[in-house]
Amino acid sequence: MIQKTISGFRVTTGFNVKDALHKTPHNGIDLALPENTPLYSIGKGVVESVVNYGKENIGKGVIVKLDSGERVIYGHINDAAVKAGDVVKSGDLLAYSGNTGRSTGPHLHFTVKENGEAVDPSSVIEKAVEQHSESWWSNNPFTRAKESIDSTAQSIGEFNSKLDSIGEWLKYWLNPVNLGNEIWSGLDVLITSPDTAFFLIGATIIGGWLMMLGAKWPKKYLFWGWIIYWVLRGAVFV
């Protein structure tokens, strides 16, 4: 049996109905609405597209892909309140009803498709024209305040975690024993590296050339460089 009214609005064409205007089974429900009646999402999902077929078909419309897999079509609207890609939840405002496209009067054409096939939307169309309590709860000031507090608490927790990490880092590096071990470990790598010896040999050769050209300062630096190198190297091998 076809519902005659839904949420106080008259059903002008039911689901799967054939009549003078619909030569093939109607794939949704047509609901007579005053123009600019707010239309709401029936579930959580993403706005797949906002269409405009001009004077044909549903005219202007919004198509939502629900997380549960269904595609929901709102047709003959005047204006969309969303754009393609917007994430919506149950009760979010999507559009305002109108009289666009192939229409004989202001109404909403409402279709739900599962796996590409239209199904009877009579059990959910009420949500499309009523901003149901689920949406009020998710959008009321108390819930928004709680979400804000939770978000702030999470940010504080993350900040405290970073402070703890910095504290552990400072605690380690300000410990003289740890600092000494790290310095010694660095010197160990530096002194035992063949690159260090090659550097000193190269510096000695260049310094020798400079002294042959009359420079005196390389002698002091090369002498103490080799002394320090062998002292540290000896300490490392002890």
How far does [atom1] of [X] sit from [atom2] of [Y], to the nearest 0.5 angstrom?
{"X": "Ile6", "Y": "Glu126", "atom1": "CD1", "atom2": "CD", "result": "7.5 Å"}
{"X": "His107", "Y": "Thr12", "atom1": "NE2", "atom2": "OG1", "result": "5.5 Å"}
{"X": "Thr111", "Y": "His26", "atom1": "OG1", "atom2": "NE2", "result": "6.5 Å"}
{"X": "Ile58", "Y": "Asp30", "atom1": "CD1", "atom2": "CG", "result": "11.0 Å"}
{"X": "His76", "Y": "Tyr53", "atom1": "NE2", "atom2": "OH", "result": "11.5 Å"}

Checklist entry - Hey, is CD on Glu117 packed in by over 12 heavy atoms from elsewhere, all under 6.0 Å? => result no
Checklist entry - Under the side-chain hydrogen bond (donor to acceptor under 3.5 Å, both in side chains) rule, what pairs show up with a residue in residues 159-172, not counting sequence neighbours? => result Tyr172-Glu182
Checklist outcome for this item: side chain to side chain contact (heavy atoms under 4.5 Å, CB included) test vs Leu39 passes for just one of Leu93, Val62, Leu31, Leu108, namely Leu108
If the condition is side chain to side chain donor-acceptor pair (under 3.5 Å), which residues does [X] pass it with, not counting sequence neighbours?
{"X": "Asn99", "result": "Ser103"}
{"X": "Thr37", "result": "none"}
{"X": "Lys83", "result": "Asp86"}
{"X": "Asp79", "result": "none"}

What residues, two or more places apart in sequence or in another chain, satisfy side-chain contact (heavy atoms from CB on, under 4.5 Å) together with [X]?
{"X": "Ser49", "answer": "Val51, Ile63"}
{"X": "Asn78", "answer": "Glu35, Asn36, Thr100"}
{"X": "Asn16", "answer": "Pro25"}
{"X": "Pro121", "answer": "Phe15, Ile29, Phe110, Val112, Val124"}

Checklist outcome for this item: salt bridge (charged side-chain N to carboxylate O under 4.0 Å, His left out) pairs touching residues 95-115, sequence neighbours excluded, are none
Checklist entry - In terms of side-chain heavy atoms, does His109 have a donor or acceptor partner in Asn27 at a distance below 3.5 Å? => result yes
Checklist entry - Are the side chains of Thr5 and Val11 in touch, meaning some heavy atoms are under 4.5 Å apart? => result no
Item to check | Where Ser41 and Val88 come nearest, the two heavy atoms and their spacing | outcome: OG-CG2, 3.8 Å
Next on the checklist: Testing the basics here: between Pro34 and Ser97, what is the closest heavy-atom pair and its distance to 0.1 Å?
Outcome noted: O-OG, 2.9 Å
Next on the checklist: With a 3.5 Å distance limit and no angle check, can you tell me whether Asn175 reaches the backbone of Val177 through a side-chain donor-acceptor pair?
Outcome noted: yes
Check: residues 67-74 side-chain donor-acceptor pairs under 3.5 Å, at least two apart:
residue	atom	partner	partner atom	Å
Ser68	OG	Glu70	OE1	2.3
Arg71	NE	Glu48	OE1	2.9
Arg71	NE	Glu48	OE2	2.9
Arg71	NH2	Glu48	OE2	2.7
Tyr74	OH	Tyr40	O	2.7
Tyr74	OH	Ile42	N	3.4

Checklist entry - According to the ring pair (Phe, Tyr, Trp, His ring centres under 6.0 Å) rule, which pairs have a member within residues 82-104, sequence neighbours left out? => result none
Checklist entry - Can you list the steps and then say if Val46 with Val64 is a side chain to side chain contact (heavy atoms under 4.5 Å, CB included)? => result CA-CA 6 Å; Val46 178; Val64 177; over 6 Å; no
